[in-house]
Asker: 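This structure is in structure tokens; I'll ask about it shortly.
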Amino acid sequence: GLYFPRKEYSENVYIDQAAGTPLLHIRALRDSHGEVAHFHLCQNLVISRARSHENHWFQIREKNGLLYLSKNLDREDFNMLSVGNWMSLSKVMLYVFLSSHPFQEKECDSATRATVYLSLINATAPACSSLTARQLCFTEMDLSFHIKENKPPGTFHQLQLPSIHHLCQNVSVSYKLLAAEGLPFQYNENTTGVSVTRRLDREERERYELIAKCTVREGFREMQVEVPFLVNVLDEDDSPPFLPNGTNTADAIVEYNRKEGTVLATLTVCDADTTPIYPLESSRKKYTGTIITNDPWINETFRVEHIFHEVHFSPNGSQVRGTLHEYKLVLNKSISVTEHRYFQLDVLVNDTEFPGPERSVMLHFNVSILPVSIQFPNVTYQFTVNRNAGRFAQIGKICIENCMKFYGVNITYKLLSPNVSCYAVGILQGREDKYGSLYVNDSSVLHRPECKEIQYTVQATDRQSRKHAKTLLTIVLEGSLLKNKEGCLDSCAVSKNRAECEECGGLGVLTGRCQWRQGSGKGITTNYSTCTPSIKTCPDGTCDVVESKDLAVCPQDCTSGNIIGGHGKGIGNLGIKSGHGICYCYPRRNCYCEKGDIKEQLCDDVC
Amino acid sequence: AGPSAAPPAEPLGWRAPVDCVRANELCAAEAACSARYRTLRQCLAGRDRNTMLANKECQAALEVLQGSPLYECRCKRGMKKELQCLQIYWSIHLGLAEGEEFYEASPYEPVVSRLSDIFRLASIFSGTDPAGASKSNQCLDAAKACNLNDNCKRLRSGYISTCSRELPAAERCSRRKCHKALRQFFDRVPGEYTYRLLFCSCRDAACAERRRQTIISFRSPLALPFILLSLGFYLFLSPSLARSRAAGARSRLADFHANCRAAPQAPGGCPGDNFQACLGSYAGLIGFDVTPNYVDASPGGTVVSPWCSCKGSGNREEECETFLRDFTANPCLRNAIQAFGNGTDGVPAVKGPSAPATALPPKLERSPALPDAANDSNATYDTSLITTCTSVQ
Amino acid sequence: ARARHKPCALQQLEVSVSELGLGYESDETVLFRYCSGTCDGALRSYDLSLRSMRSSRRIRKEKVRARPCCRPLAYDDDVSFLDTYNRYYTVNELSAKECGCV
Amino acid sequence: ARARHKPCALQQLEVSVSELGLGYESDETVLFRYCSGTCDGALRSYDLSLRSMRSSRRIRKEKVRARPCCRPLAYDDDVSFLDTYNRYYTVNELSAKECGCV
């Protein structure tokens with residue numbers, strides 16, 4: 001229906017202004033030809049600070065929208081309207097209603113409404129001679145309008161100020177509208193009305209920046225004032241969806257990545273209309289993407305995810321906003337390794353609010369679900385382990401072919417029946433790990449001379465399909481036993497210097513002795529000095545599945561306790577990501593990072 | 001639990017300025033008032049205000065309540081039961097003002113103190129005259145002053161340790177905890193410390209970056225045009241959210257608009273020429289959904305903006321840009337920040353355009369006058385539209 | 001007798017974060033409060049007996065302390081600061097809040 | 001690293017009152033509990049900073065302790081006994097009840 005070209009209007013009202021003084025000319029624009037605007041004020045006047053009052057002072061002409069004083073505004077009226085208003089400037093608020101037929105009394109809450117803010121100035125209207133050109137030409141209100149696209153032409157603003165025209169008859173005020181060639185706006189010198197001359201197309205241009213130029217002549221004096229005159233074009237759903245590069249088909253291949261939530265393929269649909277991102281759900285519901293199938297398996301196994309974002313088109317130099325819709329074919333559940341099929345999956349994209357027949361576009365996904373095999377790459381594995389290795393020493397990793405590519409496939413690794421007497425090695429697997437980690441489970445077995453070479457069968461099993469594969473694992477023990485040092489602690493991390501570090505072993509050591517990592521760099525650095533069972537795996541910023549078995553193995557990666565001294569904690573507040581100087585830890589208690597050169601005061605009390 | 005032992009009933013209509021919690025207690029203790037208040041709340045529940053005013057019973061309730069302390073009550077930032085106070089305030093004013101005004105009146109009491117009071121206290125506490133403090137880095141001096149005050153130090157550490165915690169990728173940073181800690185800092189630490197951290201003036205990039213990091217450049221640019229959420233459209237949110245969290249954010253935003261809206265007629269550009277009121281309400285936004293911050297670390301620049309954009313705002317782009325301009329191009333806010341940085345309460349030399357009549361906005365080029373009745377050739381639908389879309393980001 | 005040291009009490013010093021020697025580089029300053037002084041008047045029967053049994057070698061090869069020490073009984077709140085690389089750090093139990101002979 | 005000392009913990013010894021070295025003569029015995037061991041894992045940022053500022057001579061000529069000490073956190077109840085001259089005595093804060101690194 002009819003609509004206002006602005007949401008808000010504002011004007012000043014002065015004490016002692018007489019009844020009949022015109023204040024403001026409000027215009028309306030048509031939604032369809034033949035509509036006739038009827039303006040109306042509802043009964044109440046809202047005084048700021050949410051106080052309302054019967055409106056005895058203002059009226060609007062039903063036919064042409066001229067707001068005027070219907071009663072003299074004397075001192076008593078002014079005080080009545082400013083009660084309880086602590087703002088330095090009193091303001092009252094009126095609602096102007098719009099209808100395409102004459103008003104019945106009760107019709108105040110029609111959807112179309114504009115708000116008028118009237119500032120009550122505690123003084124009489126200034127003499128015309130005292131007004132600046134700016135005040136004679138324009139109010140403080142910015143000249144910014146919005147016009148709906150695809151609507152009939154019409155006049156949407158009058159530049160001349162009714163009150164000035166009424167009060168300052170001997171001042172000549174004339175206007176011009178400065179605009180580039182060919183713009184759909186026209187200015188009428190006689191009525192000073194500005195009108196839009198044809199239907200606008202937002203998809204062609206959504207913003208017009210003109211200039212309102214005013215010339216004031218008083219006697220021999222001539223002054224000019226220019227202010228911006230902006231028109232925003234409001235969008236409506238008048239553009240159908242289309243394929244940006246003509247492609248409505250994509251391949252969706254499922255091989256190693258068979259995990260729920262995996263995006264298999266994406267197709268994009270464009271729309272020249274805007275799509276507000278708020279409220280999100282209603283915009284999503286407006287532009288649907290539905291899988292067209294009656295195969296329950298397909299509905300169970302796939303879903304379509306729709307995201308959209310604003311993009312800019314440049315139809316002819318000016319920039320207008322549009323929308324790029326992305327439809328992603330996503331796995332709705334993990335797919336078994338044994339599953340394999342080939343079919344075309346269709347998705348119907350529907351711009352539900354577009355009136356025309358071309359509101360929908362069909363997308364096609366060529367789905368190929370390939371079978372994958374669970375097998376070990378080579379026949380046997382062999383690792384050598386030093387007889388002096390400590391418990392939780394990490395021997396190596398075992399994993400089936402392409403294991404790092406697998407997602408959504410849960411492979412578990414197990415060591416089967418070694419020759420009974422030398423059972424020294426175990427295998428572990430972190431929640432997110434795709435491989436098995438071999439580690440020394442019982443270091444005392446390594447010391448037994450009869451245990452030279454230990455044979456295991458490793459079995460990898462896919463939890464979902466129960467398919468499994470086996471391979472042979474050989475552990476060769478090497479090296480001669482080192483004499484065990486008395487009184488060594490079980491954690492390398494306790495040592496504060498190289499000598500202390502390398503004199504003992506500890507949990508996780510590979511060759512019977514801890515290793516000193518000499519750091520470098522100033523201040524707090526990731527390359528801090530520390531004593532570790534194995535520089536290769538600790539510290540490496542990850543508290544892996546073997547290290548997490550016992551905090552004493554690698555507290556540098558796994559501690560969640562206090563770290564005293566300059567440091568930065570790792571992800572999830574786990575471990576020492578960076579430290580100052582030397583970092584050492586008392587397992588299951590505090591860790592410390594400090595400069596190594598502060599000599600311990602012997603007489604620490606009396607210094 | 002019911003209100004504390006009923007205070008001696010003041011005569012109705014007597015209105016010493018009270019906060020809305022107290023006003024609610026006064027009204028509850030007075031039979032006529034509490035009945036009318038209940039009626040008014042039912043009147044306002046979800047119905048159009050004008051229909052409400054047409055109803056005699058609602059009109060009567062409104063008349064009585066306009067004379068009760070509930071009508072003029074307001075709240076204080078950081079007061080005890082602030083949220084309850086705000087909910088009482090909005091229970092009346094949201095309905096009456098229809099809640100659609102772009103700029104709502106502030107539910108908070110007008111601020112009477114001035115920046116000069118802040119400067120005086122700041123020099124007392126820190127023993128240094130803020131204006132004369134080390135010329136090199138005002139922001140560093142502000143941090144030093146804070147660390148020497150137990151309350152400031154504790155609450156500053158509170159939000160820093162909460163907001164800068166290194167979390168696993170899967171775990172979203174605890175935005176609500178961080179916001180709460182930020183609110184506590186700015187509500188409970190006096191302006192003598194918080195303003196110096198927030199509005200210190202800088203000569204070099206290191207200082208400007210420190211100023212930007214004050215609220216840990218809590219960077220969570222939202223895909224959603226949060227603008228629309230923060231434009232007071234909390235009504236569209238789920239009712240539960242609309243009531244509790246929204247009351248706080250809506251109030252602080254209304255306060256910011258009330259105290260920082262450009263007032264062209266005032267020399268400093270601020271309503272009532274009170275820079276302190278503007279800075280206080282700006283700081284009051286921090287820790288709410290509209291948490292503004294400096295957009296970059298340019299020493300001279302004091303451009304601030306909330307973490308949101310107008311992308312995807314559809315037909316409300318104009319409103320969205322108006323909202324953003326209240327931060328990015330607000331002479332009152334800019335003058336207030338610069339005044340504080342210069343240690344003055346007066347009007348700094350207003351730099352930058354104050355939109356004199358003939359100054360054209362930079363984008364506009366001068367164009368020829370529009371012929372009175374120019375007819376416009378209909379632009380054919382430009383096929384380049386199709387190729388442009390593919391070159392989008 | 002001449003007073004050799006003041007009794008155990010809380011002292012304070014304003015130092016820059018860099019001066020703390022923890023490895024952080026920041027020009028921000030903190031109030032570092034520490035405990036200093038003697039605990040002469042705080043010996044207990046426990047201390048006298050422990051000293052006596054250590055000298056009579058009733059207690060040997062053990063790390064024992066037969067005198068109270070002047071130490072913090074409580075620590076200040078955490079302190080946070082921005083370092084020169086614009087990273088925030090928080091340090092807890094840095095500064096003493098209360099001292100005593102323990 | 002080698003284990004030099006056990007961490008700070010409560011130890012106990014049954015001794016005669018005379019062996020306490022407090023001057024009482026009595027054949028009655030008491031359970032004397034004391035604190036022994038190292039406080040290696042109990043350093044705080046306070047200690048590191050104090051040590052650093054002492055070595056950088058930012059803190060000088062003061063009796064400070066930059067390491068926690070293993071001391072009683074609470075004492076047992078009083079103990080009474082009859083001495084060889086048939087007189088009763090009561091001694092308080094003789095034996096530790098709980099130890100900690102302070």
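Only a predicted model underlies this, so the values are computations on that prediction, with no experimental measurement involved.
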Asker: Given side chains that start at C-beta, do those of D:Gln11 and C:Val64 come closer than 4.5 Å, heavy atoms only?
Answerer: no
Asker: Give, as side chain, backbone, both or neither, the part of D:Leu13 having an atom under 4.5 angstrom from any heavy atom of chain C.
Answerer: side chain
Asker: Around atom CG of D:Asp78, are there more than 12 heavy atoms from other residues, nucleotides or ligands closer than 6.0 Å?
Answerer: yes
Asker: What part of D:Arg58 lies closer than 4.5 angstrom to a heavy atom of chain C: side chain, backbone, both or neither?
Answerer: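 Both backbone and side chain.
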Asker: For a side-chain hydrogen bond (donor to acceptor under 3.5 Å, both in side chains) with D:Ser36, tell me which candidate from C:Glu62, C:Lys61, C:Lys63, C:Arg65 qualifies.
Answerer: C:Glu62
Asker: Mind checking what makes side-chain contact (heavy atoms from CB on, under 4.5 Å) contact with C:Ser52, not counting sequence neighbours?
Answerer: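 In terms of side-chain contact (heavy atoms from CB on, under 4.5 Å), with neighbours along the sequence ignored, C:Ser52 is linked to no residue.
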Asker: Of all of C:Gly37, C:Ser55, C:Cys70, which one pairs up most often with chain D through heavy atoms under 4.5 Å apart?
Answerer: C:Gly37
Asker: For C:Ala96, which atoms come within 4.5 Å of any heavy atom of chain D: side chain, backbone, both, or neither?
Answerer: both
Asker: If you compare all heavy atoms of C:Ser45 against all heavy atoms of D:Leu22, which two are closest, and at what distance to 0.1 Å?
Answerer: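 Result for this residue pair: O-CD2, 4.2 Å.
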Asker: At what distance, to the nearest 0.5 angstrom, does CZ of C:Arg44 lie from CZ of D:Arg71?
Answerer: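 Rounded to the nearest 0.5 Å, the CZ-CZ separation comes to 7.0 Å.
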Asker: What part of C:Leu50 gets closer than 4.5 Å to chain D, counting heavy atoms only: side chain, backbone, both or neither?
Answerer: both
Asker: C:Tyr46 vs D:Tyr34, test: ring pair (Phe, Tyr, Trp, His ring centres under 6.0 Å). Steps then yes/no.
Answerer: CA-CA 8 Å; C:Tyr46 168 84; D:Tyr34 59 95; 7.7 Å; no
Asker: Between C:Leu20 and chain D, with a heavy-atom cut-off of 4.5 Å, which part of the residue counts as in contact: side chain, backbone, both or neither?
Answerer: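 Contact with chain D involves both backbone and side-chain atoms of C:Leu20.
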Asker: Could you measure the distance from the OG atom of D:Ser49 to the CD atom of C:Glu93? Nearest 0.5 Å is fine.
Answerer: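 Result: 12.0 Å between the selected atoms.
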Asker: Heavy-atom cut-off 4.5 Å, strictly under: side chain, backbone, both or neither for C:Arg33 against chain D?
Answerer: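 Looking at C:Arg33, just its backbone touches chain D.
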Asker: Please state whether the side chain, the backbone, both or neither of C:Asp47 comes within less than 4.5 Å of a heavy atom of chain D.
Answerer: side chain
Asker: What heavy-atom pair brings D:Pro72 and C:Val102 nearest, and what distance separates the two atoms?
Answerer: O-CG1, 3.9 Å
